[in-house]
Amino acid sequence: MINMKTATLCLSLVFSMGISGGNAAIRVKNLGNENNFVYINTDKRYLLIPVEDSAPEGEIDFVYNNAKLSDYTQKIRMSRGKTDYYVPLDLSKFAKDSVIMIVRGVPSNSICWSDIKESDNFILDTEKFRPLYHHTPTYGWMNDPNGMFYKDGVYHLYFQYNPYGSVWGNMHWSHSTSTDLVNWKDEGVAIAPDAIGTIFSGSCVVDKNNTSGYGEGTVIAFYTSAKQTPWGDCQTQSMAYSLDNGKTFIKYENNPILTSSEKDFRDPKVFWYAPKEHWVMMLAVGQHMEIYSSKNLKDWKKESNFGEGQGCHGGVWECPDLVELPVEGTKDKKWVLICNINPGGPFGGSATQYFVGDFDGTTFTNNYPEETKWMDYGKDHYATVTWNNVPDGRCIAIGWMSNWQYANNVPTKQYRSANTIARDLSLYKKDESLFLKSEPCKEMVSARKDVRKIKSLNVAKTETISLSPQSDNGAYEMELSINPGKSKEVTFSLSNSNGDKVLMTYNVVSKTFVMDRTKSGEVSFSNDFAAKTEMPVGKSKELKLRLFVDKSSIEAFIDNGKYVMTNCVYPSVPYDIVTFENDGNRYKVNNINIYQIK
Ligand code: FRU
């Protein structure tokens with residue numbers, strides 16, 4: 001490392017020429033075209049980089065002693081006309097007296113050159129849509145949940161993450177932990193891009209029997225290394241192991257472990273198949289799944305393909321999972337292949353379909369080849385996968401609560417996207433077919449705070465109930481049972497004093513449930529957002545409903561998860577009124593419980 005004095009001397013020479021901006025510690029030298037050098041010489045903790053979401057991406061390298069500090073060139077939308085927000089760059093890992101940030105593709109008249117600054121603190125903006133009991137990134141962009149595993153009382157959740165802006169790009173795996181699936185702690189970035197590529201979606205396993213040779217109980221991650229080149233996309237599978245329970249990962253020296261000539265080749269999901277004592281990897285490849293096996297997690301053998309002529313093919317298949325689940329009310333178990341698809345969802349864009357069948361360790365057979373089954377009938381449920389190594393026979397899933405149609409445009413600022421609440425999976429039988437049941441995870445019951453109970457409401461005319469105070473912070477659960485009596489249709493809404501409204505209709509004749517968010521609040525950021533989503537519901541005397549509302553999302557669970565619908569909403573203020581409309585026939589709403597959550 002060069003010493004401070006020499007560095008200062010060099011810098012003063014450099015800054016005597018050309019245009020420079022920023023403050024003394026952060027000196028900018030524009031080269032007259034769109035190339036720039038930023039000299040950083042500060043003891044402060046952070047460099048705060050100004051970002052404008054709509055600006056084109058610039059390319060950034062950090063250079064020390066003439067060499068790049070990372071094999072990966074970051075892409076940052078440094079602000080040109082206005083600064084939307086800042087992203088922090090933690091300087092504590094750099095030699096502060098001599099690091100140069102080389103920025104390409106950002107014009108010299110951009111506003112970022114005067115807005116860039118050093119700071120000891122990074123203060124988050126207040127975001128009125130940030131949910132309170134759903135997992136979100138502290139700042140930056142998030143998509144798919146990745147690599148979830150449970151170990152020693154802790155649930156680990158990684159996720160597709162851009163630390164340099166609130167739109168998709170620079171994919172890293174960031175990491176959060178929780179002991180109750182409701183409160184999450186930010187653990188920071190766990191896997192960063194490298195010379196092979198950025199870090200796309202994947203999974204983790206706990207190698208209990210030391211099959212890989214890294215030690216008993218080592219956490220092993222599998223992800224897609226992805227790189228776009230002028231000659232086409234490179235997607236290959238890579239591996240990394242953690243000797244500190246998932247906090248940091250060491251990349252396997254012989255990566256990638258799997259390559260293919262297919263363009264879309266990604267999202268490895270690995271699990272142990274006990275009867276054959278081998279590992280299985282599911283991969284999404286174009287519009288089918290490929291199944292591989294391995295004894296040591298490093299050498300993989302292709303076993304079979306699944307998908308041709310099965311289910312929906314309106315888009316690319318992504319983020320697979322394969323889990324064995326109990327069938328409610330029987331001693332049977334069946335395998336469920338989870339298949340996320342984008343586009344091609346029932347209401348446009350992304351969604352999660354699944355197949356129920358048999359698996360022998362190498363081949364999956366769909367028992368219902370004629371049917372397309374959807375896991376969730378909302379617009380905002382995607383990339384759903386399950387936790388590895390969860391005790392007590394539980395199979396817990398979580399999904400990304402957004403849709404590729406508009407995920408980059410939703411009206412939040414310094415962060416984008418939340419995950420769904422975690423859901424316990426099982427199977428149930430209906431009309432000679434097996435379906436997936438996604439119940440709110442049982443931890444959601446312990447998360448309940450103050451409750452208001454209304455035993456029974458006889459709806460003979462329009463009835464309005466205030467949800468306050470439980471709804472005051474915008475984070476609550478409402479439970480209710482609708483007994484329609486002679487009504488053919490029961491309509492009720494969540495609304496606020498500004499007239500934002502989400503309409504829900506239970507059609508008794510067609511046995512459907514509809515959620516209409518066309519007037520739910522802010523909808524104008526995308527033509528694909530305002531929508532009505534509809535799902536089939538079974539026939540029963542009473543429709544049992546649990547609605548989870550959390551600032552900017554509504555998750556509706558009917559009959560304890562037999563029918564599920566997840567939709568984002570952006571109301572100007574929290575919905576604090578529920579109104580039951582009357583069509584002339586009396587109906588009853590029983591056991592209304594309104595719980596504050598958090
Ligand atoms: C799904 C997906 C994955 C990919 C990741 C990239 O949303 O497209 O297939 O690995 O996002 O961020």
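Start at 1 and go down the list; that is how both ligands and their atoms are numbered. Scope of the values below: all heavy atoms of this structure, side chains included, with no hydrogens, waters or symmetry mates.
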So is Q160 polar-close to ligand 1, meaning N/O to N/O under 3.5 Å? yes
Taking it one step at a time, do R423 and D376 satisfy salt bridge (charged side-chain N to carboxylate O under 4.0 Å, His left out)? CA-CA 11 Å; R423 300 164 182 196; D376 185 297; 2.9 Å; yes
Tell me which one of L283, D299, T224 satisfies side-chain contact (heavy atoms from CB on, under 4.5 Å) with L258. L283
Distance-only side-chain donor-acceptor flag, S212 / D207, under 3.5 Å: yes
Using the rule given for side-chain contact (heavy atoms from CB on, under 4.5 Å), can you reason through W374 versus Y354, listing the C-alpha separation, both sets of side-chain angles and the distance that settles it, and then say yes or no? CA-CA 6 Å; W374 298 105; Y354 65 93; 5.7 Å; no
List ligand 1 atoms under 4.0 Å from W404, heavy atoms only on the residue side. 1 (C), 7 (O)
Distance flag, aromatic centroids of F249 and Y158, threshold under 6.0 Å: yes
Lys/Arg cation over aromatic F200: K227, 6.0 Å, 45° cone: no
Taking N or O atoms only and a 3.5 Å limit, does Y382 qualify as a polar contact for ligand 1? no
Heavy atom of the protein closest to atom 5 (C) of ligand 1 (residue, atom name, distance): D144 OD2, 3.5 Å
T224 contact mode with ligand 1 (heavy-atom cut-off under 4.0 Å): neither
Using a 6.0 Å distance limit plus a 45 degree cone around the ring axis, check whether K373 lies over the aromatic ring of F355. no
Identify which of I199, D267, I341 has a heavy atom lying nearest to atom 9 (O) of ligand 1. D267
Looking only at protein heavy atoms, which one is nearest to atom 8 (O) of ligand 1, and what is the separation? E318 OE2, 2.9 Å
In ligand 1, which numbered atoms sit nearer than 4.0 Å to a non-hydrogen atom of F200? 4 (C), 6 (C), 10 (O)
Testing K413, R416, R80 for salt bridge (Lys or Arg N to Asp or Glu O under 4.0 Å) with D53, which one passes? R416
So if I count the atoms of ligand 1 from 1 in the order they appear, which ones are less than 4.0 Å from some heavy atom of N143? 5 (C), 6 (C), 7 (O), 11 (O), 12 (O)
Determine whether the side chain, the backbone, both or neither of W400 has a heavy atom under 4.0 Å from any heavy atom of ligand 1. neither
Just which atoms of ligand 1 are under 4.0 Å from any heavy atom in S201? 5 (C), 10 (O)
Which atoms of ligand 1 sit under 4.0 Å from any heavy atom of M171? 12 (O)
